Amino acid sequence: MAPQRTSWPARVLKAGSGAAVVLCLATALIHVLLVFLHVAPPNPLSQQYNRQVDAWVFPLFEQNWRLFAPDPESVNHQISARTLHTAPDGSVRVSGWSDLTAVDNSAVRHQPFPSHTAQNMLRRAWSSYLETHGGDDKPRSQRALMMQRYLTNIAADRLTAHRGGAFESVQLRVVTVPIAPAAGPGSPTAATKPADTRYLPWWKVDSRGN
């Protein structure tokens, strides 16, 4: 009895499945290698491929050691945004402020399984922006420029989803409120530092709602 020959579509499917498995394994190995170079102490290899490592890791795969050495937050950041739209007749309309942090907080409060987006995306984007820009809002590296665009896109996407309307530029306002330390019995009450308000520049975005 002659052996049964495998049909052409079955052979193509088998070959495609094998190629997909190889591609997934290769991608996983490259991801692990790049993340390892990111968290490892500086070495000739990580320094040589620093640009490629940063391009892969930031901002979605950033790693840190806070899980093992927690650093409790000492301040709360309230991030708001507003938009600017130039009409065809040349008139300029600036919207009111939208509290992006309040929207995230409402999505987390009373939720047994809050999303990672509501908990961390905006907060981590701002902390990464601070690390790369300092206090003058001038990007001096490719990573700084990337984090600026990342923060801008988050704000633009949130404003489009929650309020809509046409706009071409976005401005952020960040109010930093210090968290008073817990006072123990008999300990002196520390003076609460005043809140600090920081206005970021107007940043151009892809036209929304036009």
Side-chain angles (χ1 to χ4, degrees), residues 27 31 34-35 38 49-64 66 73 75-109 111 114-178 195-210:
T27 303
H31 172 74
L34 293 175
V35 172
H38 172 66
Y49 295 100
N50 179 66
R51 181 177 299 179
Q52 291 85 347
V53 171
D54 285 351
W56 179 263
V57 171
F58 295 105
L60 298 179
F61 304 116
E62 182 178 3
Q63 306 291 314
N64 57 56
R66 292 183 181 179
E73 296 285 352
V75 296
N76 283 325
H77 297 295
Q78 182 184 11
I79 303 175
S80 304
R82 62 179 177 177
T83 61
L84 181 147
H85 173 60
T86 303
D89 61 2
S91 61
V92 176
R93 181 174 61 85
V94 177
S95 72
W97 292 102
S98 293
D99 192 338
L100 306 182
T101 301
V103 174
D104 281 355
N105 290 341
S106 65
V108 172
R109 191 173 294 114
Q111 292 290 335
S115 71
H116 172 76
T117 299
Q119 294 181 86
N120 298 315
M121 178 180 283
L122 182 62
R123 179 178 60 84
R124 292 294 298 133
W126 172 246
S127 63
S128 297
Y129 178 87
L130 282 179
E131 292 171 0
T132 55
H133 285 74
D136 60 5
D137 299 311
K138 294 180 180 179
R140 292 183 173 84
S141 66
Q142 283 299 115
R143 186 194 170 202
L145 184 60
M146 178 179 64
M147 295 313 305
Q148 176 179 310
R149 291 173 178 169
Y150 181 54
L151 183 61
T152 306
N153 289 336
I154 290 175
D157 289 343
R158 301 284 179 88
L159 291 169
T160 300
H162 293 285
R163 189 170 60 187
F167 60 91
E168 302 84 35
S169 299
V170 170
Q171 184 184 33
L172 273 70
R173 178 186 67 189
V174 183
V175 180
T176 302
V177 182
D196 175 70
T197 302
R198 177 173 173 176
Y199 293 88
L200 274 62
W202 283 101
W203 290 327
K204 290 284 187 180
V205 297
D206 295 335
S207 296
R208 308 293 179 103
N210 293 326

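Computed from a prediction, not measured in an experiment: that's the story for all the values here.
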**Study point:** Nearest non-hydrogen partners of Ile79 and Leu172, listed with the distance
**Key:** CG2-CD2, 3.9 Å

Revision key, fill the gap. Asp89 meets the salt bridge (charged side-chain N to carboxylate O under 4.0 Å, His left out) criterion, sequence neighbours left out, with none

Review point. Got a donor-acceptor contact below 3.5 angstrom from the Ser127 side chain to the Arg124 backbone?
Key: yes

Check your understanding: At what distance, to the nearest 0.5 angstrom, does CH2 of Trp126 lie from OG1 of Thr176?
Key -> 7.0 Å

Practice item. Please identify each residue that fulfils salt bridge (charged side-chain N to carboxylate O under 4.0 Å, His left out) with Arg198, with sequence neighbours left out. Key: Asp137

Practice item. State, to 0.1 Å, how close Pro114 and Ala107 come at their nearest heavy-atom pair, and which atoms those are. Key: CB-O, 4.5 Å

Check your understanding: Could you walk me through whether Trp202 and Val94 pass the side chain to side chain contact (heavy atoms under 4.5 Å, CB included) check?
Key -> CA-CA 11 Å; Trp202 283 101; Val94 177; 4.0 Å; yes

Point to revise | Evaluation steps, side chain to side chain contact (heavy atoms under 4.5 Å, CB included), between Arg143 and Glu131 | key: CA-CA 10 Å; Arg143 186 194 170 202; Glu131 292 171 0; 3.8 Å; yes

**Study point:** Those residues that, when tested against Arg158, pass salt bridge (charged side-chain N to carboxylate O under 4.0 Å, His left out) (two or more places apart)
**Key:** Asp104

Review point. Under 30°, 30 to 60°, or over 60°: which ring-plane class applies to Trp97 and Tyr199, parallel, tilted or perpendicular?
Key: tilted

Exercise for review: Please check if atom CD in Gln142 has more than 12 non-hydrogen atoms from other residues, nucleotides or ligands closer than 6.0 Å.
Suggested key: no

**Study point:** For Asn105, all residues meeting side-chain hydrogen bond (donor to acceptor under 3.5 Å, both in side chains), sequence neighbours excluded
**Key:** none

Exercise for review: Please report the C-alpha distance between Leu34 and Tyr49 in whole Å, then the side-chain angles of each, then the deciding distance to 0.1 Å, and finally whether the side chain to side chain contact (heavy atoms under 4.5 Å, CB included) criterion is met.
Suggested key: CA-CA 9 Å; Leu34 293 175; Tyr49 295 100; over 6 Å; no

Check your understanding: Considering residues at least two apart in sequence or located in another chain, which fulfil the side-chain hydrogen bond (donor to acceptor under 3.5 Å, both in side chains) criterion with Ser95?
Key -> Thr83, Arg163

Check your understanding: Between Thr86 and Leu84, which heavy-atom pair has the shortest distance, and what is it?
Key -> OG1-CD2, 3.9 Å

Practice item. Heavy atoms only: give me the nearest Val170-Ala155 pair and the separation to one decimal. Key: CG1-CB, 4.0 Å

Revision key, fill the gap. Tightest non-hydrogen contact, residues Ala81 and Leu100, listed as CB-CD1, 3.9 Å

Practice item. Ignoring hydrogens and angles, tell me if any N or O in the side chain of Glu168 forms a donor-acceptor pair with the backbone of Lys204 under 3.5 Å. Key: no

**Study point:** salt bridge (charged side-chain N to carboxylate O under 4.0 Å, His left out) partners of Arg140, counting only residues at least two apart
**Key:** Asp136

